Trainee: 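Below: one structure in structure tokens.
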Amino acid sequence: MTSSTIPPWAALDIPTETPTIPAPPVAADILAGLNPGQRQAVTCTAGPLLVLAGAGSGKTRMIVNRIAWLIREAGAAPEEIFAVTFTNKAAGEMRERVAGMIGMAASRLWIGTFHATCARLLRRHGSLLGYSERFIIYDDKDQISLLKEILREMNIADAVLRAETVRAVIDDAKNKGRDSRRFADRAATFQDKQLATIYQLYQERLLACDAMDFGDLLLQTVRLFTDHPEVLEDCRRRFRYILVDEYQDTNEVQYRLLALLASEHRNLCVVGDDDQSIYSWRGARLKNILDFEEDYPEATVIRLEENYRSTQKILAAANRVIAQNRERKGKDLWTRNPEGELLGFHIAADEYDEARFLVRQIRESGRDYADVAVFYRTNAQSRVLEEVIGQAGIPYTIVGGFRFYDRAEIKDLLAYLKVINNPRDAVSLQRIINTPPRGVGKKSVEAVRQWQSGEETGFLDAAREWAVSAVGGGTAAARRAVGELATLLDDLHARRDNLLPSEILKQVIAATGYVDWLLEGSESRHQGESKKENVEELINALATWEQGADAPDLGAWLEDIALVSAPDRRDDDHLARVTLMTLHSAKGLEFPLVFMVGMEEGLFPNRNCLHRDADLEEERRLCYVGMTRAREKLYLVACRSRRFQGARLDNKPSRFLFDIPRELIEVETGGSAGPPPYRRRFAGGGSAAASAGAAAKVRQSAPSTAETTAASVPAAGRGAYPVGSKVEHGVFGPGVVAAVEGAGDDTKLVVIFRDRGRKKISLRYARLTRC
DNA sequence: AGAACGTTCATTTTT
DNA sequence: TGAACGTTCT
């Protein structure tokens with residue numbers, strides 16, 4: 001029997017409760033077309049299992065079939081299976097594919113990201129921890145607002161401790177499973193103790209706002225399990241089979257959650273690739289996957305090393321790059337695919353030239369735009385690419401970057417909805433208390449805050465009371481305005497269960513004159529119109545969501561949009577557009593034609609990662625991830641010169657290029673409009689970048705751009721180091737002057753160092769030479 | 001209270 | 001280079 005005998009929709013008409021599910025296909029169906037390793041991974045259902053799944057090794061297919069196998073052959077009920085994915089989109093796709101094999105029962109599976117699943121548990125049981133079931137999820141911007149407030153109150157100057165720094169510290173602590181108390185216990189230095197105080201205060205504020213940040217979703221779940229064993233017991237019993245995808249990117253808290261859930265039945269299957277661990281900055285621990293066999297000594301280990309995605313040449317190049325790493329289990333991907341074309345390689349003059357090269361190659365390739373992807377290391381690189389590609393008339397889509405939900409007008413309206421959903425959300429209320437402007441300035445906001453402190457009330461309660469109070473400061477106009485706002489929010493809060501969320505949104509817009517304010521306040525008509533369109537798009541998005549939801553609830557929608565990731569937001573692929581995204585967003589995807597741009601020292605590997613081996617290895621993994629996305633053709637592109645933070649830098653080709661054997665590479669001249677052909681210079685052997693480096697060097701001695709020309713520079717004083725001049729620092733090494741401040745003895749230079757980034761240098765003390 | 005100006009910082013990646 | 005913030009001015 002083949003899978004086509006039972007179409008995916010066959011079971012859809014059958015109610016979930018009805019036991020008359022279509023006759024289960026025989027086991028061969030699930031295993032058909034799988035290689036021996038995949039088969040073993042699918043059928044090995046008892047005990048811990050580690051599947052080391054190389055890039056393009058058919059991992060998703062294996063997971064889907066395993067779930068089907070568990071249900072059909074191992075007698076598991078769908079609700080006993082808990083599958084963790086890295087993105088919500090992956091979760092949705094997985095559920096769909098399982099549904100194609102087992103039908104409607106798939107809707108009873110627990111599939112989701114750690115964050116989404118934890119949020120679900122916390123909504124149910126959060127009251128045990130003091131949160132309501134409607135708690136709000138704060139994103140990093142909300143975190144920073146709250147922390148800024150706290151720092152202000154503690155009279156800690158921005159120069160001493162930045163909110164962003166504190167946020168990173170707290171995040172890191174949470175990823176490691178440290179709550180504010182444990183953090184305080186380990187704090188030894190003055191600064192750590194100060195941070196501990198802030199952490200604690202921050203946590204109290206979150207609770208008062210009925211809010212959790214991303215880290216809390218995980219950490220509070222651990223707390224829930226530890227403090228309330230009956231909940232843990234319940235979950236343990238429920239989740240008899242646990243499956244974790246992208247295990248190499250799990251952090252310490254996630255590790256502990258899994259240990260808590262799986263310690264009894266030990267049916268824990270983790271799937272991952274140590275060579276694709278790229279989220280250490282988010283707390284991911286490579287150790288989790290490297291040590292799995294120690295954590296679970298009875299574990300079965302399966303390696304999937306046959307690649308079904310890329311050509312032999314692409315794979316060979318990627319293998320050589322990743323082979324340089326030490327912290328890895330070690331594996332070699334192989335493929336039965338054709339040998340394929342050589343990797344394309346190009347050095348552009350600057351970032352605009354780089355973008356033009358893309359345009360030419362994309363056109364020449366004659367491919368569908370949807371087949372093409374461009375990967376870069378940092379979001380900032382997308383601006384020029386967008387500009388040039390867009391002007392060339394090539395349709396493109398950007399994954400991640402400046403997000404729709406980050407736009408000011410969207411955040412404003414979301415803040416209204418958040419307060420209506422949960423009146424304790426003080427951060428959101430402060431955002432909208434004077435937006436659109438209603439005469440409530442800093443003083444009045446401060447007065448409301450004063451009013452609140454002392455009482456155990458929410459911020460909206462405080463605002464309402466303040467508005468009608470006889471004392472408490474503030475102008476009469478401000479009080480009236482706050483009173484009106486409170487009435488509006490109260491009213492919509494009271495009716496939130498009887499109104500569709502989109503209706504609530506429309507009423508907010510109508511009552512506040514929000515769109516009118518947008519149109520008046522914008523610099524240009526065009527800008528105003530664009531913002532108005534965004535608002536309309538928000539209403540549409542919400543209305544669309546309502547149609548798909550069985551019980552359209554404002555809180556549920558707010559949670560959904562809080563937990564979507566950049567890859568989640570990717571348009572469906574059928575659109576004929578070139579895809580632009582960061583290397584991080586590219587994980588898990590594949591494209592026939594891939595360009596990796598900005599392959600330069602300092603950018604990729606990034607200058608911030610040059611000083612620690614572990615960081616450098618992660619950059620290398622990132623490179624490996626990017627390369628293994630390509631099915632048929634891969635281009636690697638670098639620039640000789642690039643503008644960075646206002647200064648123009650001359651970069652060397654990335655060290656990763658040096659790892660690729662010369663014979664796998666073909667140097668592209670970029671067509672007639674490009675720089676002179678380098679091909680001749682590559683006659684010899686050696687690695688690609690050795691040649692590339694030579695080429696770059698040759699070019700560097702050629703006439704340079706206006707910014708770096710020394711001709712117009714005065715000979716003495718501060719003029720000795722004009723903007724754009726290259727310098728060498730005794731400690732920081734080579735760099736470029738980005739700005740000059742002050743004069744005479746007091747002159748300070750802003751220098752971008754190749755390996756250390758931006759630094760401010762006092763000319764009086766610095767050991768600096770011009771070169 | 002709100003606009004306009006100046007200063008400062010950042011760019012590594014994001015659930 | 002540019003956004004985001006804080007200060008000053010109206």
Side-chain angles (χ1 to χ4, degrees), chain A residues 84-91 112-119 137-141 144 148 152 157-159 162-164 168 171 174-175 213-218 246 249-251 253-254 277-284 351 375-384 399-403 406 408 434 436-445 474-475 477-478 481 521 523 562-569 581-587 598 602-610 615 618-619 621-622 625-626 642-648 707 723 738-739 741 750 752 757-760:
Chain A
V84 189
T85 57
F86 199 67
T87 64
N88 294 293
K89 189 170 193 176
T113 63
F114 269 111
H115 292 270
T117 309
C118 288
I137 297 169
Y138 275 179
D139 66 14
D140 46 355
K141 303 258 168 57
I144 286 175
K148 279 200 169 146
R152 215 181 307 124
D158 201 56
R162 224 185 314 255
E164 175 48 51
D171 246 29
K174 287 184 176 179
N175 284 334
D213 60 24
F214 286 128
D216 273 341
L217 292 176
L218 306 176
E246 308 283 10
D249 283 321
T250 52
N251 63 29
V253 195
Q254 291 164 338
S277 173
I278 54 173
Y279 283 96
S280 72
W281 47 275
R282 218 169 71 191
E351 64 270 34
F375 302 154
Y376 37 82
R377 178 64 178 81
T378 69
N379 274 312
Q381 288 167 259
S382 73
R383 183 170 290 132
V384 172
V399 177
F402 307 107
R403 327 179 209 171
D406 279 348
N434 197 34
R438 44 175 77 89
V440 185
K442 246 191 215 153
K443 282 234 167 109
S444 306
V445 175
T475 62
E523 308 261 314
L563 296 178
V564 286
S565 68
D568 287 332
R569 260 177 262 111
M581 66 180 119
T582 63
L583 285 154
H584 281 85
S585 289
K587 189 170 81 161
L603 186 59
F604 187 39
N606 196 269
R607 50 180 53 73
N608 302 323
C609 303
L610 295 176
D615 292 341
E618 180 149 318
E619 293 286 286
R621 291 194 291 268
L622 194 53
V625 167
R642 176 183 297 277
R643 194 176 276 287
F644 176 77
Q645 291 184 7
R648 184 155 282 287
E707 290 98 316
V723 168
E741 292 168 9
V750 176
I752 312 241
R758 188 189 192 85
K759 293 242 187 307
K760 202 175 271 190

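All values below were derived from every heavy atom in this structure, side-chain atoms included, with hydrogens, water molecules and symmetry-related copies excluded. Keep in mind the model is a prediction, meaning the values are calculated, not measured. Numbers restart at 1 for each chain; the letters A, B, ... are given by sequence-line order, proteins then strands.
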Trainee: For Phe86(A) and dT15(B), say yes or no: do the ring centres fall under 5.5 Å of each other while the ring planes differ by less than 30°?
Mentor: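 A stacking contact does not exist, since Phe86(A) is not both close and nearly parallel to the base ring of dT15(B).
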
Trainee: Determine the contact category for Asn434(A): base if any of its heavy atoms lies under 4.0 Å from a base atom, sugar-phosphate if only primed atoms, P, OP1 or OP2 are that close, otherwise nothing.
Mentor: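 Answer is sugar-phosphate: Asn434(A) comes under 4.0 Å of backbone atoms only.
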
Trainee: Check for a donor-acceptor pair, side chain of His584(A) on one end and backbone N or O of Ile278(A) on the other, with a separation under 3.5 Å.
Mentor: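 Flag set: sc His584(A) to bb Ile278(A) pair under 3.5 Å.
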
Trainee: So what does Arg758(A) touch, heavy atoms closer than 4.0 Å: a base, only the sugar-phosphate, or nothing?
Mentor: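 Counting heavy atoms under 4.0 Å across all strands, the contact made by Arg758(A) includes a base.
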
Trainee: Show the numbers, then the answer: is there a side-chain contact (heavy atoms from CB on, under 4.5 Å) between Tyr138(A) and Asp216(A)?
Mentor: CA-CA 10 Å; Tyr138(A) 275 179; Asp216(A) 273 341; over 6 Å; no

Trainee: Output yes when at least one side-chain N/O atom of Lys587(A) is less than 4.0 Å from OP1 or OP2 of dT13(B), else no.
Mentor: no

Trainee: To the nearest angstrom, how far is Lys141(A) atom NZ from dT14(B) atom P?
Mentor: 12 Å

Trainee: With a 4.0 Å limit, can you tell me whether Thr582(A) has a side-chain N or O closer than that to the phosphate oxygens OP1/OP2 of dT14(B)?
Mentor: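 The answer is yes; a side-chain N or O of Thr582(A) sits under 4.0 Å from OP1 or OP2.
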
Trainee: Any side-chain N or O of Arg282(A) less than 4.0 Å from the OP1 or OP2 oxygen of dT12(B)?
Mentor: no

Trainee: Between dT14(B), dG2(B), dT15(B), which nucleotide gets closest to the side-chain atoms of Asn379(A)?
Mentor: dT14(B)

Trainee: In whole angstrom, what separates Leu583(A)'s CG from dT12(B)'s P?
Mentor: 15 Å

Trainee: Give the nucleotide from the list dT1(C), dA3(C), dT13(B) with an atom nearest to the side chain of Trp281(A).
Mentor: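 For the Trp281(A) side chain, the nearest candidate turns out to be dT13(B).
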
Trainee: Whole Å only: how far is the NZ atom of Lys442(A) from the P atom of dA3(B)?
Mentor: 14 Å

Trainee: Asp171(A) has an atom CG; how far is it from atom P of dT15(B), in whole Å?
Mentor: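 Computing the Asp171(A):CG to dT15(B):P distance gives 13 Å.
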
Trainee: Check the pair Arg621(A) / Ser277(A) against side-chain contact (heavy atoms from CB on, under 4.5 Å), numbers first and verdict last.
Mentor: CA-CA 7 Å; Arg621(A) 291 194 291 268; Ser277(A) 173; 3.8 Å; yes

Trainee: Separation of Phe214(A) atom CZ from dT15(B) atom C1', in whole Å?
Mentor: 6 Å

Trainee: Answer with base, sugar-phosphate or nothing: what part of the nucleic acid does Lys148(A) contact at a heavy-atom distance below 4.0 Å?
Mentor: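 Contact class for Lys148(A): sugar-phosphate only.
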
Trainee: Rounding to an integer number of angstrom, what distance separates dT11(B) and dG6(C) when you compare their C1' atoms?
Mentor: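 Per the computed distance, 22 Å lies between those C1' atoms.
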
Trainee: For nucleotides dT12(B) and dC5(C), find the distance between their C1' atoms and express it as a whole number of Å.
Mentor: 23 Å

Trainee: Supply the atom-to-atom distance Leu622(A) CG to Tyr279(A) OH, rounded to the nearest 0.5 angstrom.
Mentor: 9.0 Å

Trainee: Report the residue (Pro437(A) or Arg162(A)) whose heavy-atom-nearest nucleotide on DNA chain B is the more 5′ of the two.
Mentor: Pro437(A)

Trainee: Between dT12(B), dA3(C), dA10(B), spot the one nearest the side chain of Arg383(A), thanks.
Mentor: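 Nearest to the side chain of Arg383(A) among the choices is dA3(C).
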
Trainee: Does OP1 or OP2 of dT13(B) have a side-chain N or O of Asn608(A) closer than 4.0 Å?
Mentor: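 No, because none of the side-chain N or O atoms of Asn608(A) sits under 4.0 Å from OP1 or OP2 of dT13(B).
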
Trainee: Please lay out, stage by stage, how Leu583(A) and Phe604(A) fare under the test side-chain contact (heavy atoms from CB on, under 4.5 Å).
Mentor: CA-CA 10 Å; Leu583(A) 285 154; Phe604(A) 187 39; 3.7 Å; yes

Trainee: Specify the residue among Arg607(A) and Gly439(A) whose closest nucleotide of DNA chain B lies further upstream toward the 5′ end.
Mentor: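 It is Gly439(A) whose nearest nucleotide is closer to the 5' end.
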
Trainee: What is the distance, rounded to the nearest whole Å, between atom CG of Leu603(A) and atom C1' of dT13(B)?
Mentor: 12 Å

Trainee: So which nucleotide from dT15(B), dT12(B), dA10(B) ends up closest to the side chain of Thr113(A)?
Mentor: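 Selected nucleotide: dT15(B).
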
Trainee: Roughly how many Å is it from CD in Glu164(A) to C1' in dC5(C), rounded to a whole number?
Mentor: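 In whole Å, dC5(C) C1' and Glu164(A) CD are 15 Å from each other.
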
Trainee: Looking for any heavy atom pair under 4.0 Å, which part of the strands does Phe114(A) touch: base, sugar-phosphate only, or nothing?
Mentor: nothing

Trainee: Let's see if you can work this out: which of dA1(B), dA10(B), dT13(B) has an atom nearest to the side-chain heavy atoms of His584(A)?
Mentor: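 Within the option list, the nearest is dT13(B).
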
Trainee: Is a donor on one side and an acceptor on the other found under 3.5 Å between the side chain of Glu351(A) and the backbone of Gln381(A)?
Mentor: no

Trainee: Nearest-Å distance, CD (Glu351(A)) to P (dT11(B))?
Mentor: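 After rounding, the gap between these two atoms is 18 Å.
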
